[in-house]
Protein chains: 2
Amino acid sequence: MIVDGKPPTRGRPKTLERDHVLKTALMCYWATSPDVAISKICAKAGASKPGLYREFGSDDGLKEAVLSVYGEIVSTRRSEILASEQPFSEVLEALITYTIQDRRALGLPDGCLLFAMRARRDEFGPLTRKKIDQLRLDSLEKYRQWIDRAKANGEFRADMSTETAALYLDAQAGNAMRLQKEGISNEVIGEILRTAFSAL
Amino acid sequence: MIVDGKPPTRGRPKTLERDHVLKTALMCYWATSPDVAISKICAKAGASKPGLYREFGSDDGLKEAVLSVYGEIVSTRRSEILASEQPFSEVLEALITYTIQDRRALGLPDGCLLFAMRARRDEFGPLTRKKIDQLRLDSLEKYRQWIDRAKANGEFRADMSTETAALYLDAQAGNAMRLQKEGISNEVIGEILRTAFSAL
DNA sequence: CACATTACGTACCTATAGTTACGAAATAAA
DNA sequence: TTTATTTCGTAACTATAGGTACGTAATGTG
C-alpha cells in the first residue's frame, strides 16, 4: 500500500488512528479526571486495547502522550501572550481574558487538565510525572522571562523576586482553572484574577 | 462489662477503636491521597475489614466520618482566628501564620486534606460529597461574616462584593496548601499570601 | 448452667483495573 | 502462489478494589 511519499511497507497496514485516540483520551481526562480507565477510552475511540498498548506501551505512556499534546497547545498560546510587546498591564489583561474564556462555548471542558494532573502528580507513572514536571518548569520559565523583561522596563516592582512572582502568576492561573471547574462564573473568576494581579 | 456511666450491655463487647481508625484513615488520606484502599487502612489501624464496615457502613461512610473530624479541627481553628476582634490586617496576618505553619514539625502532613478532596469531589460517594460541600459552605460563610464586619468598620473596600472576597480568601488559602504539598517553602508561600492579601 | 445477644475476623465474593498471549488477517517481496 | 512481515482484536490473565457470608468468641440474663 502506498501512502503519501512514504515508501511501501511490508505487513498488515496500521489502522489505529493515533491522533484520534489521543484526542479522545484527552477529552476524557479533561472532562472528568485522569482516572478514566483505558478500556473506556478504547470504547470511546473505537480502538482495541492491544492496539492502544502497541501504540503507547502502557497507561503511563498514553497519559504522557496526552499531556504532550495538551501541554503543547496550552504552552504555545501562553507563549504568544507573554511574548507580546504590549505593556505589562495589557499582557496581564490578555492573560485574564485567555484564562476565563468560555471553554464550554468552544466545546472544551471547564478547567485545565494540566493543573488537574499536577494536583495528583504522585499517582502517575514515571513518564507522566516527568512530563508534568517538565511542563511546569517550562511554564515557570516563560513567566520568569516575561517578568524579567518587565523589570528591565521598570514595569514590575523590584522588591519581589522573579521566582516568587512566577510562582504567584502560575498559582493564580491554577486557582482560576479550579474555580472554573467548580462552576464559579467566569465573571467572578475574572474579578478574582484582576484582584490578585492588582497586587503586582 | 461496665464502662464509664454507660449501662452494661449484652453481647460481645466492642473492641474496634473508632477514634484510632479515624485518625489512621485521616493520616493516610492526608499524607498521600484519599485513594488509599480500605484494606491498607485496616492493616495500619490493626482492624479487620468487616469491623470497619460495621462501624462506617462503606468507603463513602468512612471518608465522610474522616472529613467530619478533619473539618471540625480546621474549621474550629479558623473560626477562632476570624472571630478575633483585632484589626483586619492583623487577622490577615494571623491567617497567614496559621496557613504556613510548619506542619511537618507538628507531625502533620503538608497541605490540606479538605482542599485535596475538594479537587476530586466528583469521584466520591454521596455522603462524602455532601460533607465536602457543607464544609466549603461553612468556610465561605465564616469568611463572609468576617468581611462584613470589616466592611462595617470601614476596614475593607466597599467596591468588592463580600461573596467574591470570600471566594478570593478561600482560593488563596487553597493555593497555599497546594504549594506546600508541592514542596514550596513556607517562606515563599507566606510571601505569596501577603502579596495576594495586599490587594484587599 | 443454657440462652439470647452482640461483635469478632477469616475467607470468600464480584467487579474492574492494567496488561498480554496468540491465532487470524492484510500487506510486500520472492 | 508462497513466504516473510506486520498489525489486528478476541479472550484471556493477574492484581486489587470494595464489600460480605458465616461460623466463632465474648458478654449479660434467666
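Just the heavy atoms: all of them, side chains too, but no hydrogens, waters or symmetry mates, feed the values below. Just so it is clear: chains get the letters A, B, ... in the order the sequence lines come, proteins before strands, and each one is counted from 1.
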Assign each of G11(B) and A37(B) to its nearest nucleotide of DNA chain D by heavy atoms, then name whichever residue's nucleotide is nearer the 5' end. A37(B)

Heavy atoms of V91(A) and S84(A) approach each other most closely as CG2-OG, 3.9 Å

Separation of D59(A) atom CG from dT16(C) atom C1', in whole Å? 14 Å

Is the backbone N or O of H20(A) less than 3.5 Å from a side-chain atom of T24(A), with the two atoms forming a donor-acceptor pair by type? yes

Any side-chain N or O of T15(A) under 4.0 Å from OP1/OP2 of dC8(D)? yes

Has the side chain of K14(A) got a donor or acceptor atom sitting under 3.5 Å from an opposite partner on the base of dT6(D)? no

Would you find a donor on one side and an acceptor on the other, under 3.5 Å apart, between the side chain of R144(A) and the backbone of T162(A)? no

State whether the distance check finds a donor on one side and an acceptor on the other, under 3.5 Å, for side chain K49(B) versus base dG19(D). yes

State whether the distance check finds a donor on one side and an acceptor on the other, under 3.5 Å, for side chain R54(A) versus base dG9(D). yes

Using only heavy-atom distances, decide whether a donor-acceptor pair under 3.5 angstrom links the side-chain of R12(A) to the base of dG9(D). no

With no angle test and no hydrogens, is the base of dA4(C) tied to the side chain of R10(B) by a donor-acceptor pair under 3.5 Å? yes

Does L82(B) offer a backbone N or O that forms a donor-acceptor pair with the side chain of Y143(B) under 3.5 Å? no

Any Y53(B) side-chain N or O less than 4.0 Å from OP1/OP2 of dT20(D): no

